[in-house]
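Below is one structure, written out as C-alpha cells; the observations come after it.
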Amino acid sequence: QLRKVIVPVDVWMERLNRSNIGTVCLGESHDDHNRRFLTENFFPSYDLDTLFVETTPQGLAQIHDYMKAGEIYAPLLGADMGHLLDAVMARNPTVKIQGIEESEQQREDRLERRKGSREDSIYENLKLLYNANERNVVLYGALHCTFDPDKLYQRMREGLGGGTVTYQSILVQGAHQDGLMETLVYFLDDIGIIPGDFVITDAQASP
C-alpha cells in the first residue's frame with residue numbers, strides 16, 4: 001500500500017503539471033530549509049499564472065525592493081523569499097505575484113467590530129484577485145491549507161469557482177521537522193522503499 005502512494009518528487013511534479021488542478025494551496029512552515037526545497041524542486045517545474053503569498057502588497061513591494069537592490073536575502077516571515085520568487089518568474093515570466101495578507105486596517109476594523117477573523121480577511125483579499133480560469137498557487141502557512149472548515153483552503157474549495165475548479169492541498173515537511181515525520185522517514189528507509197525526496201500522494205489511503 002505504501003508503494004502505491006509514495007512517489008519521487010520529480011515524478012509527482014510531472015503528474016501535477018499534466019493534471020487539471022487549477023488551484024494549489026501550498027502549506028509551508030516559514031523556514032529556510034523548506035523555502036529552499038520549494039525553490040529548487042517545486043517552482044522550477046510548475047506552470048502557473050498567479051502566486052498568492054503571505055504578505056500585504058506593501059510587504060511584497062519591500063521584498064521586490066530587496067531583490068532589485070541585489071540583496072542576497074529577501075526575508076518573509078523569517079525565511080528567504082527572494083530566491084523562491086526568482087524561481088517562479090524564471091519558469092513563468094508573465095506570472096502575477098499578489099500579497100493577500102490581512103492589512104493593519106482590516107485587523108483594526110474587525111477588532112473594532114468584534115467580529116470576523118484573520119482568515120476572513122485573507123479570503124476576502126484572495127477573492128478580489130482570484131481568477132478561476134487561471135492556474136493558481138496560494139503559498140501560506142501550513143495550517144491555512146488544512147481541511148478545517150474555518151481555514152483558507154476549505155473556504156476556497158467551497159466559495160471559489162462555483163465548483164468548476166479543482167483544488168489540491170499540499171503540506172511541505174522536512175524529514176526531521178517533527179517526530180512523527182522523522183519516524184516515518186526512518187521506517188521507509190529501513191524497509192527500503194524511500195525514493196529520496198518523496199510525495200505521499202494520498203495521505204488518507206496510507207496504512
Side-chain angles (χ1 to χ4, degrees), residues 9-10 12-13 16-17 21-108 118-131 134-146 151-153 156 168-178 181 196-197 199:
V9 168
D10 57 344
W12 176 78
M13 285 300 308
L16 185 65
N17 249 336
I21 291 171
T23 299
V24 171
C25 193
L26 192 55
E28 54 131 10
S29 57
H30 311 315
D31 64 63
D32 282 318
H33 177 78
N34 279 359
R35 292 266 174 89
R36 187 162 52 249
F37 175 81
L38 291 171
T39 297
E40 296 174 357
N41 297 278
F42 184 88
F43 285 110
S45 305
Y46 193 61
D47 300 323
L48 74 154
D49 298 299
T50 305
L51 173 67
F52 298 98
V53 293
E54 191 170 352
T55 187
T56 61
Q58 294 78 17
L60 184 59
Q62 187 175 43
I63 292 171
H64 282 303
D65 287 342
Y66 277 115
M67 296 169 66
K68 289 176 183 176
E71 296 285 348
I72 296 175
Y73 192 84
L76 174 62
L77 299 171
D80 180 51
M81 195 64 167
H83 289 92
L84 185 149
L85 296 184
D86 279 338
V88 171
M89 293 183 289
R91 173 77 182 196
N92 307 279
T94 61
V95 68
K96 297 182 290 290
I97 301 172
Q98 307 281 8
I100 56 170
E101 182 52 50
E102 178 181 61
S103 69
E104 186 59 34
Q105 187 62 57
Q106 286 176 308
R107 179 177 179 276
E108 290 176 3
R118 176 186 171 215
E119 218 75 9
D120 291 330
S121 300
I122 298 168
Y123 178 62
E124 290 303 318
N125 293 340
L126 173 64
K127 280 203 304 183
L128 290 173
L129 299 166
Y130 183 82
N131 185 338
E134 296 182 342
R135 296 189 80 178
N136 304 284
V137 171
V138 180
L139 179 62
Y140 250 75
L143 291 177
H144 297 276
C145 294
T146 66
K151 297 301 181 182
L152 180 63
Y153 178 63
M156 288 162 48
Q168 175 76 58
S169 174
I170 302 167
L171 172 63
V172 182
Q173 282 192 293
H176 308 289
Q177 193 166 320
D178 63 51
M181 179 57 68
D197 293 327
V199 176

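In what follows, every heavy atom counts, from backbone to side chain, and hydrogens, waters and symmetry copies are set aside.
The CG atom of Leu76 sits 4.5 Å away from atom CD1 of Ile63, with the distance rounded to the nearest 0.5 Å. Of the inter-residue distances, the one linking Leu171 atom CG with Ser29 atom OG reads 8.5 Å to the nearest 0.5 angstrom. Between the CG atom in Leu48 and the CD atom in Glu134 there is a gap of 9.5 Å [rounded to 0.5 Å]. Taking OH from Tyr123 and CG from Leu128, the interatomic distance works out to 10.5 Å, rounded to the nearest 0.5 Å. In this structure, Asn92 CG and Thr94 OG1 are separated by 7.0 Å, a value rounded to the nearest 0.5 Å. Atom CD of residue Glu28 and atom CG of residue Leu38 lie 6.5 Å apart, to the nearest 0.5 angstrom.
Minimum interatomic distance between Glu102 and Ser121 (heavy atoms only, all atoms of both residues): OE2-OG, 2.9 Å. The two atoms that bring Ala79 and Tyr73 nearest to each other are CA-OH, 3.3 Å, heavy atoms only. Residues Gly174 and Met181 approach most closely at O-CG, 3.4 Å, considering heavy atoms. A pairwise comparison of heavy atoms in Pro44 and Thr39 identifies CG-O, 2.9 Å as the closest pair. Closest non-hydrogen pair, Gln106 versus Glu101, comes out as OE1-O, 4.1 Å. Heavy-atom minimum distance, His144 versus Cys25: O-SG, 4.2 Å.
In this structure the side chain of Asn125 never reaches within 4.5 angstrom of the side chain of Thr56, judged on heavy atoms. Counting only heavy atoms from C-beta outward, the side chains of Tyr140 and Ile100 approach each other to under 4.5 Å. Counting heavy atoms from C-beta on, the side chains of Met67 and Met89 come closer than 4.5 Å. The closest side-chain heavy-atom distance from Ile170 to Trp12 is below 4.5 Å.
Checked by atom type, the side-chain pair His64/Gln62 shows no donor-acceptor distance below 3.5 Å.
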Exercise for the section: Check the pair Asp49 / Lys96 against salt bridge (Lys or Arg N to Asp or Glu O under 4.0 Å), numbers first and verdict last. Expected result: CA-CA 6 Å; Asp49 298 299; Lys96 297 182 290 290; 5.9 Å; no
Handout entry: Check against salt bridge (Lys or Arg N to Asp or Glu O under 4.0 Å), Glu54 and Arg118
Key = CA-CA 12 Å; Glu54 191 170 352; Arg118 176 186 171 215; 2.7 Å; yes
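Taking the six-membered ring where tryptophan is involved, the planes of Phe42 and Tyr46 are tilted, since the angle between them lies from 30° to 60°.
Between the side chain of Glu119 and the main chain of Leu152, a donor-acceptor pair closer than 3.5 Å is present. Distance alone, capped at 3.5 Å, is enough to place a donor-acceptor pair between the Asp32 side chain and the Asp80 backbone. Checked by atom type and distance alone, the side chain of Thr50 never pairs as donor or acceptor with a backbone atom of Asn136 at under 3.5 Å.
For the side chain to side chain contact (heavy atoms under 4.5 Å, CB included) criterion with Met81, the lone passing option out of Asp86, Leu139, Leu60 is Leu139.
Residue Phe37 places its CZ atom among more than 12 non-hydrogen atoms of other residues, nucleotides or ligands, all under 6.0 Å distant.
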